[in-house]
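Indexing begins at 1, ligand by ligand and atom by atom, following the structure's order. In this chain, numbering begins with 1 at the start of the sequence shown. On a predicted model such as this, the values are computed, not experimentally measured, just so you know.
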Amino acid sequence: MGTVEPQVASGQDVKVGSSGQIVANAQSQEVTDGFHLVIDALKLNGIDTIFGLPGIPITDFTRMAQAAGLRVISFRHEQNAGNAAAIAGFMTQKPGICLTVSAPGFLNGLTALANATTNCFPMILISGSSEREIVDLQQGDYEEMDQLAIAKPLAKAAFRVLHAEDIGVGIARAIRAAVSGRPGGVYLDLPAKLFAQTMDAEAGGKSLIRVVDPAPRQIPAQEAVRRALELLKSAKRPLIVLGKGAAYAQADADIRALVEKTGIPYLPMSMAKGLLPDTHEQSASAARSYVLPEADVVMLVGARLNWLLSHGKGKTWGGKGHKDWGGQRFIQVDISPQEADSNVRIDAPVVGDIGSCVSALLAGINSAAGSSWAKPPAEWLAAIAERKDKNIAKMAETLAKNPTPMDFHSALAVVRDIVKANPDAILVNEGANALDFTRSIVDMYKPRKRLDVGTWGIMGIGMGFAVAAAVVSGEPVIAIEGDSAFGFSGMEVETLCRYNLPVCVVVFNNNGVYRGTDVNPTGGPDVAPTVFVKGARYDKLIEAFGGVGVHATTPAELRKAMEEAIRSRKPTLINAVIDETAGTESGRITSLNPSAKRK
Ligand code: ADP
Ligand code: TPW
């Protein structure tokens, strides 16, 4: 297993056997230890990559894991490693593994764990922890913290392993919890002492579990499928909403067949973009504000009626007041039975995994009384097409402008062309205006190619997602970042360079959070809270580590730099200078800012 000398408590006459186990001495049987049992358990379950940050008590573990053939990707901050693990989980349906040290490292990873749980991404945060006896008596150990208790409310499940012989069960439970049912973040606490424990190698090997069918299919009830199809058939103005659960499910062909066979217009949520190409004639994205209030039956596929869909009610949905129901009837396809009725009545819940549900719906449609499924009324489709065409034409006009300085639109017209020419590239996106404009302007052509701030609108996912996307897929990655958003994970440009990843980071630099125009009302020397150093050169950051830095002030310069980055596959950071007056506070969600009633 390589050249690393495992540490053993007993220490004497230690040699490393051919498979990495420790041979205690010439006469006795082979023994293994906690380090190797964890590594073997992960490998046995097809885990090939660990995202983490070394330190006591896991430094040797990272070395041994690398020696054992696992890919160990080291980060500069655990939150970025955690975000990488989470999005690797989303992309692959295998739990992404994040490894951290105790207390502070654990806490740094915890935001990513909580975000994974919120977004239904399968990941396992494995943290080393300090000595239980001391932690429990609060006697003040090195990095003392009751990590298990702290992780519990933020994780789908949380486990601790105290004995080497339980490592197999611990890893198996963590894997099942992460990927079965609604996926989520799992915490696994491994105390320092566990790693050094030894046991008979044969017994150790036998104690490991290869998880069989970790995410079992969940077949929907026939009755539920029938109810949903009847409701759908009765619709005059039907709409399908595809969410990131649909993207996660990897049932791409069936989802496309469902949309196309029914002829129903669809709206992709941001990470479901590309499930069908955004240029698809049934896409209603460009008529979103028309279809939501006008639809009479809405089928949600792997999308929650949370704030991103205005909770299924209010003016967005044609309701009279801010909390009024718009009169829509909902079908909800989801693996979590508790999701139905969480905001408005769900008339036809279809509970199961999306692959099974969509194929059952398709089967029902195909056998629809021997006749073919009637397409939605032509007036509905025509009304949508009309709005769509108008909005697309309006947008084309805006995109064709070439203002000085460059604004979000003229820069994104370039990004749109580059993504169109490179449909396999993965687009990572965060910021406020940089997020909202990119989502609406840049078309996606393939599933799971758009990774963004998700359910929380969290800043800081950028470089973690970009690293994982490149590592997992081998495809080029384009990260479109607001300058504020980039700052949360910016130090990971060193990681991009260290692993020589084909990532092109584009920082939309408008000198601040949202915009760079605020002024300090007191006239004092401090700038306003939203303002950064003006004219910052983010491109210089990546040059410090041997990457390619480009300063771009025009769409032509941006285009040239992006094309070169994709062609060369070299880690690249483009400082794209954007008009500091462009955009709005909080992008499209300005209205969520509380404002005092008093004028
Ligand atoms: P979006 O933000 O794109 O609207 P959400 O994160 O709100 O999407 O919703 C995703 C939904 O998908 C969750 O309710 C989750 O339970 C569901 N989900 C995730 N994976 C699957 C799956 N394999 N099968 C069925 N439902 C799933
Ligand atoms: C963890 C609040 C939302 S968007 C944003 C912040 C700080 C940055 C907006 O500026 P940026 O984009 O990136 O320059 P742009 O295009 O508008 O100029 N902390 C966390 N998450 C969130 N969402 C915030 C703060 C926020």
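- Looking only at protein heavy atoms, the nearest one to atom 25 (C) of ligand 2 is Phe488 CZ, 4.1 Å.
- With a heavy-atom cut-off of 4.0 Å, Asn433 touches ligand 2 through backbone and side chain alike.
- In this structure, a donor-acceptor pair under 3.5 Å is absent between the side chains of Ser336 and Asp334.
- Side-chain contact of Thr100 with Ser127: a donor-acceptor pair under 3.5 Å is present, judged by distance alone.
- Proximity of Ser586 to ligand 2 is not established, as no heavy-atom distance is less than 4.0 Å.
- In summary, the side chains of Ser489 and Glu492 do not present any donor paired with an acceptor at a separation below 3.5 Å, with no hydrogens or angles considered.
- Among Ser484, Gly487, Gly462, Ala485, the residue whose heavy atom lies nearest to atom 7 (C) of ligand 2 is Ser484.
- There is no side-chain donor-acceptor pair under 3.5 Å between Gln338 and Ser342.
- Every atom of ligand 2 with a heavy atom of Phe408 under 4.0 Å away is listed here by number and element: 16 (O).
- Among protein heavy atoms, the minimum distance from atom 22 (C) of ligand 2 is reached at Met459 CG, 3.5 Å.
- Within the structure, every pair that satisfies the ring-ring contact (aromatic ring centres under 6.0 Å, His included) test and touches residues 325-363, not counting sequence neighbours, is listed here: Trp317-Phe330.
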Side chain to side chain contact (heavy atoms under 4.5 Å, CB included) between Met463 and Leu496, intermediate numbers included: CA-CA 8 Å; Met463 297 304 102; Leu496 300 179; 4.1 Å; yes
Need the list: ligand 1 N/O atoms against protein N/O atoms, distance under 3.5 Å, rounded to one decimal.
| from | atom 1 | to | atom 2 | distance (Å) |
| --- | --- | --- | --- | --- |
| ligand 1 | 2 (O) | Lys244 | NZ | 3.0 |
| ligand 1 | 3 (O) | Lys244 | N | 2.7 |
| ligand 1 | 6 (O) | Lys244 | NZ | 2.7 |
| ligand 1 | 6 (O) | Arg304 | NH2 | 2.8 |
| ligand 1 | 7 (O) | Arg304 | N | 3.2 |
| ligand 1 | 7 (O) | Arg304 | NE | 2.9 |
| ligand 1 | 9 (O) | Gly302 | O | 3.4 |
| ligand 1 | 9 (O) | Arg304 | N | 3.4 |
| ligand 1 | 9 (O) | Arg304 | NE | 3.4 |
| ligand 1 | 14 (O) | Arg182 | NH2 | 2.9 |
| ligand 1 | 14 (O) | Asp334 | OD1 | 3.3 |
| ligand 1 | 14 (O) | Asp334 | OD2 | 2.5 |
| ligand 1 | 16 (O) | Arg182 | NE | 2.7 |
| ligand 1 | 16 (O) | Arg182 | NH2 | 3.4 |
| ligand 1 | 16 (O) | Asp334 | OD1 | 2.6 |
| ligand 1 | 24 (N) | Ile354 | N | 2.9 |
| ligand 1 | 26 (N) | Ile335 | N | 3.1 |

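- Checked for salt-bridge contact, Arg329 and Asp296 miss the test: no charged N lies under 4.0 Å from a carboxylate O.
- Under a 4.0 Å N-O distance rule, the pair Glu223/Arg226 qualifies as a salt bridge.
- Atom 2 (C) of ligand 2 has as its closest protein heavy atom Tyr514 OH, 4.3 Å.
- Judged as a salt bridge (Lys or Arg N to Asp or Glu O under 4.0 Å), the pairs with a partner in residues 243-259 (not counting sequence neighbours) are, in order, Asp252-Arg448, Arg256-Glu260.
- At least one heavy atom of Gly457 sits closer than 4.0 Å to an atom of ligand 2.
- Residue contact check: Asn510 has heavy atoms under 4.0 Å from atoms 18 (O) of ligand 2.
- Arg515 has no carboxylate O lying under 4.0 Å from a charged side-chain N of Glu585, or vice versa, which leaves the two without a salt bridge.
- At the top of the distance list for atom 14 (O) of ligand 2, counting protein heavy atoms only, stands Asp483 OD1, 2.6 Å.
- Looking only at atom types and distance, the side chain of Asn509 has a donor-acceptor partner in the side chain of Asn575 under 3.5 Å away.
- Among protein heavy atoms, the minimum distance from atom 16 (O) of ligand 2 is reached at Ala434 N, 2.8 Å.
- The salt bridge (Lys or Arg N to Asp or Glu O under 4.0 Å) contacts involving residues 431-441 comprise Asp436-Arg439, where partners must be two or more places apart or lie in separate chains.
- The nearest heavy-atom contact from the protein to atom 12 (O) of ligand 2 is Ala432 N, 3.2 Å.
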